[in-house]
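Below is one structure, written out as structure tokens; the observations come after it.
Note on naming: letters A, B, ... go to the chains in the order of the sequence lines (proteins, then strands), and numbering restarts at 1 for each one. Just so it is clear, the structure is predicted and the values come from calculations on it, not from any experiment.
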Protein chains: 2
Amino acid sequence: MADHTADITDNGLESSARNRVLDTATKLFYAEGVHAVGVDRIIAEAGVAKATFYKYFQAKDTLVRAYVQNQSRLGRAAIDRIGKRPARDMILAIFDLVADAAAQPGYRGCPFLNAAAEYPDPGHPVRQAIGEHRRWKHDLLRSLLAADGNPNPETTADILTVAGDGLLIASHLDKPANLRQLIRETVLKILETSAGR
Amino acid sequence: MADHTADITDNGLESSARNRVLDTATKLFYAEGVHAVGVDRIIAEAGVAKATFYKYFQAKDTLVRAYVQNQSRLGRAAIDRIGKRPARDMILAIFDLVADAAAQPGYRGCPFLNAAAEYPDPGHPVRQAIGEHRRWKHDLLRSLLAADGNPNPETTADILTVAGDGLLIASHLDKPANLRQLIRETVLKILETSAGR
DNA sequence: TGTCTACTAGACAAACCTGTCTGTATGCCG
DNA sequence: CGGCATACAGACAGGTTTGTCTAGTAGACA
């Protein structure tokens, strides 16, 4: 079939087979859900033997955690690609990424919210990895708000997080026609009302 | 074990066995997720034979759709229990329900968002049932906003929906200490900024 | 008493799941 | 050339999944 040379995950350090597994899992888990995709399917589409799979991932849940961390890495990379801007522009650009993602063909909502829904136990490694990403994003917003001169960066970051999650849900389940405008107005309103106090 | 006389679902018209299945499924699906709970487990805990199950539900997906509709019914009942109040108080009381639910022991977030995460196909009956509930809630908010004299009930209902979903996520994944206050401030701010224009 | 209905119990098929195992092939390094 | 690491192919075990099927039981009603 296709040659497996282009690895999204490639960092020059890890095995190509491992990367092929993680890339395939990232695609399938996001598109169809974690519990809906079996190990057999992943190794078949990745062109990898079962023994190799279990060499790099002790169990399926280990791969799921790696999947979440990979999604986190991809998300951070998307933000890095924005480049340096004034704090306020940065915040707006980050929220614009939601609209960008929603416009893509295979969009299926937020990978972290979707994965969390499949793991009831908050103490599970997968949930913890999700929590780490959420904390990272919250902290990023807080520091950007502080740099923007916001008097209450912590509380405003809470509100921006709520808005961000709500917008991700809306972009997935409701697909509003004016999503880009809704995002911009929502964020600007939060920034204005929290700044002027 | 326990006698199965108290049926949350009971409406005096439907079979007791059917209700026992639906109640058990409602409990298990919400607590552990849809794909994580099998038919065998449901019929065992409901004390119902397999044949009876498949008499009332042609397939598992049929039960899942009924589960979503049952959750919708329970949600509407909770709102009915608030009683008649002025429109603005009504909106605030509806959002307070999120905090009430989050304070309950087995809370695991919004059943509709969790279920939607497990069904990638937007055309699937389960997703459609979820869509119906979301449309119902959106319309309820819109009419309450109109009754409250809001000049832009449609757009404001969009924003309230975004806020509601975000608050549901936060109440589940982040468990903020000041949830009740966060909800109240968020809703009031939306109502103020959307009214004064 | 007989019959009808609703239900229970549980075997069964066929597919799927995760994870372990054996054996083989390929390429690299010395 | 020998030796080693890496990966492939695939059988296998043990358990789970959904859904169908047969056989038997308990209660209501005439």
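Between B:D165 and B:R134, at least one side-chain N (NZ, or NE/NH1/NH2) sits under 4.0 Å from a carboxylate O, which counts as a salt bridge. Salt bridge status for A:R184 with A:D96: present, with a side-chain N to carboxylate O gap under 4.0 Å. Classification of B:E185 and B:K189 as a salt-bridged pair fails, no side-chain N sitting under 4.0 Å from a carboxylate O.
Side-chain contact between A:E154 and A:L145 is absent, with no heavy-atom pair separated by less than 4.5 Å.
What separates CG of A:D40 from P of C:dT20 is a distance of 14 Å, to the nearest Å. Rounded to whole angstrom, the span from the CZ atom of B:R41 across to the P atom of C:dC17 amounts to 20 Å. Taking atom OH on A:Y54 and atom C1' on D:dC12, their separation rounds to 14 Å, with Å as the unit. Distance NZ (B:K60) to P (C:dC16): 16 Å, rounded to an integer number of Å. In this structure, CD of B:Q58 is placed 13 Å from C1' of D:dG19, rounded to the nearest angstrom. Protein atom NE2 of A:H35 is 17 Å distant from nucleotide atom C1' of D:dT18, rounded to whole Å. Atom CD1 in A:I43 sits roughly 9 Å away from atom P in D:dA9 (whole-Å rounding). Computed from coordinates, the A:F53 CZ to C:dG19 P distance equals 8 Å when rounded to whole Å.
The main-chain N or O of B:A31 is found under 3.5 Å from a side-chain atom of B:R108 such that the two form a donor-acceptor pair. Checking side-chain atoms of B:S72 against main-chain N and O of B:V68 turns up no donor-acceptor pair under 3.5 Å.
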Can you tabulate the close N/O pairs, meaning under 3.5 Å, that link protein atoms to atoms of nucleotides 4-8 of chain D?
from, atom 1, to, atom 2, distance (Å)
D:dA7, OP1, A:S15, OG, 2.9
D:dA7, OP1, A:Y56, OH, 3.2
D:dA7, OP2, A:K55, NZ, 3.2
D:dA7, OP2, A:Y56, OH, 2.5
D:dC8, OP1, A:R20, NH2, 2.6
D:dC8, OP1, A:G47, O, 2.8
D:dC8, OP2, A:A49, N, 3.0
D:dC8, OP2, A:T52, OG1, 3.1

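Taken over five-pair windows at either terminus, the axes of the helix from C:dT1-D:dA30 to C:dG30-D:dC1 are inclined to one another by 10° (rounded to 10 degrees).
To the nearest 0.5 angstrom, B:H35 atom NE2 is 5.0 Å from B:Y119 atom OH. B:I190 contributes atom CD1, which lies 8.0 Å from atom OG1 of A:T186 (distance to the nearest 0.5 angstrom).
A donor atom on one side chain and an acceptor atom on the other are not found under 3.5 Å apart for B:N114 and B:H172.
For the pair A:A36 and B:K50, both in contact range of DNA chain C, the more 5′-proximal nearest nucleotide belongs to B:K50.
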